[in-house]
Amino acid sequence: MTIQKANPNDHEILTQITKKSKAYWGYSDEQIENWSQFLTVSKEYIETNSAYNLIVEGQIIGYYSFFHESENSIKLDNLFVLPDFIGKGFGKVLMNDFLIRLKDITVQKLVLNSEPNAEDFYSKFGFVKVGQIETSIKDRYMPIMELLIEKNNR
């Protein structure tokens, strides 16, 4: 198992991972298609942002990506694992790698918009819900979560 920087040519596999992972939560094919523009990872996105692949036995099974939202804030934009690997600790591996990778970066907080079904996952890492975003599905809200970085932990 390795984690390595994504290559722009990985855009199609990362898009597939994103869509399959999202569908894992029971969303219809039609809904996934409606969200396609938000679930597509482009070559340009990988070139512009920080993206890292989780590779197991030569296969990309998950990834995460992030960017500086502001001088003091980093946004975890994506963290997805293929459905066959969900619940087996690979999301935790990705999250821990993300947090370690940021140790040398001076920011005050990490933010993310969570899949509603993944809110508990992020809470285990210390993220707290600070708001929510209404989605295109009636009565479905994406939690806005953040993790404040203590200065003495840098």
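No hydrogens, no waters, no symmetry mates; every other heavy atom, side chains included, goes into these values.
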**Request:** For Ile55 and Gln4, run side chain to side chain contact (heavy atoms under 4.5 Å, CB included): C-alpha distance rounded to whole Å, both residues' side-chain angles, the deciding distance at 0.1 Å, then the answer.
**Result:** CA-CA 8 Å; Ile55 301 167; Gln4 65 186 36; 3.3 Å; yes

**Prompt:** Can you check side chain to side chain contact (heavy atoms under 4.5 Å, CB included) on Gln132 and Ile144, steps first, answer last?
**Reply:** CA-CA 5 Å; Gln132 62 186 15; Ile144 300 168; 5.5 Å; no

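No chain of hydrophobic side-chain contacts below 4.5 Å, direct or via other Ile, Leu, Val, Met, Phe, Trp or Tyr residues, connects Met142 to Phe67. Under the 4.5 Å side-chain contact rule for hydrophobic residues, Leu76 and Trp25 share a cluster. Cluster annotation: Ile100 and Leu94 are assigned to distinct hydrophobic clusters (Ile/Leu/Val/Met/Phe/Trp/Tyr, side-chain heavy-atom contacts under 4.5 Å, transitive). Under the 4.5 Å side-chain heavy-atom criterion for grouping Ile, Leu, Val, Met, Phe, Trp and Tyr, Leu99 is connected to Ile3 within one hydrophobic cluster. Residues Leu148 and Met95 fall into different hydrophobic clusters, defined by Ile, Leu, Val, Met, Phe, Trp and Tyr side chains chained together at heavy-atom separations under 4.5 Å.
With hydrogens and angles disregarded, no donor-acceptor distance shorter than 3.5 Å links the side chain of Gln59 to the backbone of Ile61. Not a single donor-acceptor pair under 3.5 Å links the side chain of Ser50 to the backbone N or O of Ser65. Remark: the backbone N or O of Asp84 is paired with a side-chain donor or acceptor of Lys88 at under 3.5 angstrom. Judged by distance alone, with hydrogens and angles left aside, the side-chain atoms of Thr135 form no donor-acceptor pair with the main-chain N or O of Tyr141 at under 3.5 Å.
Expressed to the nearest 0.5 Å, how far NE2 of His11 lies from CD of Gln16 amounts to 10.5 Å. Put simply, CG on Asn78 and CZ on Phe38 are 13.0 Å apart, with the number rounded to the nearest 0.5 Å. With rounding to the nearest 0.5 angstrom, the CG atom of Leu79 is 11.0 Å from the CD1 atom of Ile17. Taken to the nearest 0.5 Å, the CE atom of Met145 stands 6.5 Å off from the CG atom of Leu112. For the atom pair Asn7 CG and Ile13 CD1, the distance stands at 13.0 Å (nearest 0.5 Å).
Using a 4.5 Å heavy-atom cutoff, the side chains of His68 and Val107 are in contact. Considering only heavy atoms from C-beta on, Thr18 comes within 4.5 Å of Tyr63 through its side chain. Proximity of Leu110 to Ile149: side-chain heavy atoms (C-beta onward) are separated by under 4.5 Å at one or more points. Between Ile74 and Leu102 there is a side-chain heavy-atom pair separated by less than 4.5 Å.
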Sequence neighbours left out, cut at 3.5 Å: what donor-acceptor pairs do the side chains of residues 118-126 make with other protein atoms?
residue, atom, partner, partner atom, Å
Ser123, OG, Glu119, O, 3.0

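Lys92 NZ: 12 or fewer foreign heavy atoms inside a 6.0 Å radius. The environment of CG in Asn9 is crowded: more than 12 heavy-atom neighbours from other residues, nucleotides or ligands sit within 6.0 Å. Enclosure of atom CD in Glu47 by more than 12 non-hydrogen atoms of other residues, nucleotides or ligands within 6.0 angstrom is indicated.
In this view, Ile32 and Lys19, Lys22, Ala23, Tyr27, Trp35, Leu39 satisfy the side chain to side chain contact (heavy atoms under 4.5 Å, CB included) rule, not counting sequence neighbours. Asp97 meets the salt bridge (Lys or Arg N to Asp or Glu O under 4.0 Å) test with Arg101; sequence neighbours excluded. When the ring pair (Phe, Tyr, Trp, His ring centres under 6.0 Å) test is applied to Tyr64, the partners found at least two apart in sequence or on another chain are Tyr52, Phe98. In terms of the side chain to side chain contact (heavy atoms under 4.5 Å, CB included) criterion, residue partners of Ala6 (sequence neighbours excluded) are, by chain and number, Asp10, Leu14, Ile46, Ala51, Asn53. By the side chain to side chain contact (heavy atoms under 4.5 Å, CB included) test, Val111 pairs with Glu69, Ser73, Lys75, Lys109, Glu146, sequence neighbours left out.
Side-chain atoms of Tyr45 and Thr40 form no donor-acceptor pair, as typed in the model, at a separation below 3.5 Å.
When each of Val56, Val81, Leu54 is tested with Val93 by the rule side-chain contact (heavy atoms from CB on, under 4.5 Å), just one qualifies, namely Leu54.
Residues Lys20 and Pro83 share a closest heavy-atom pair of O-CG, 3.3 Å.
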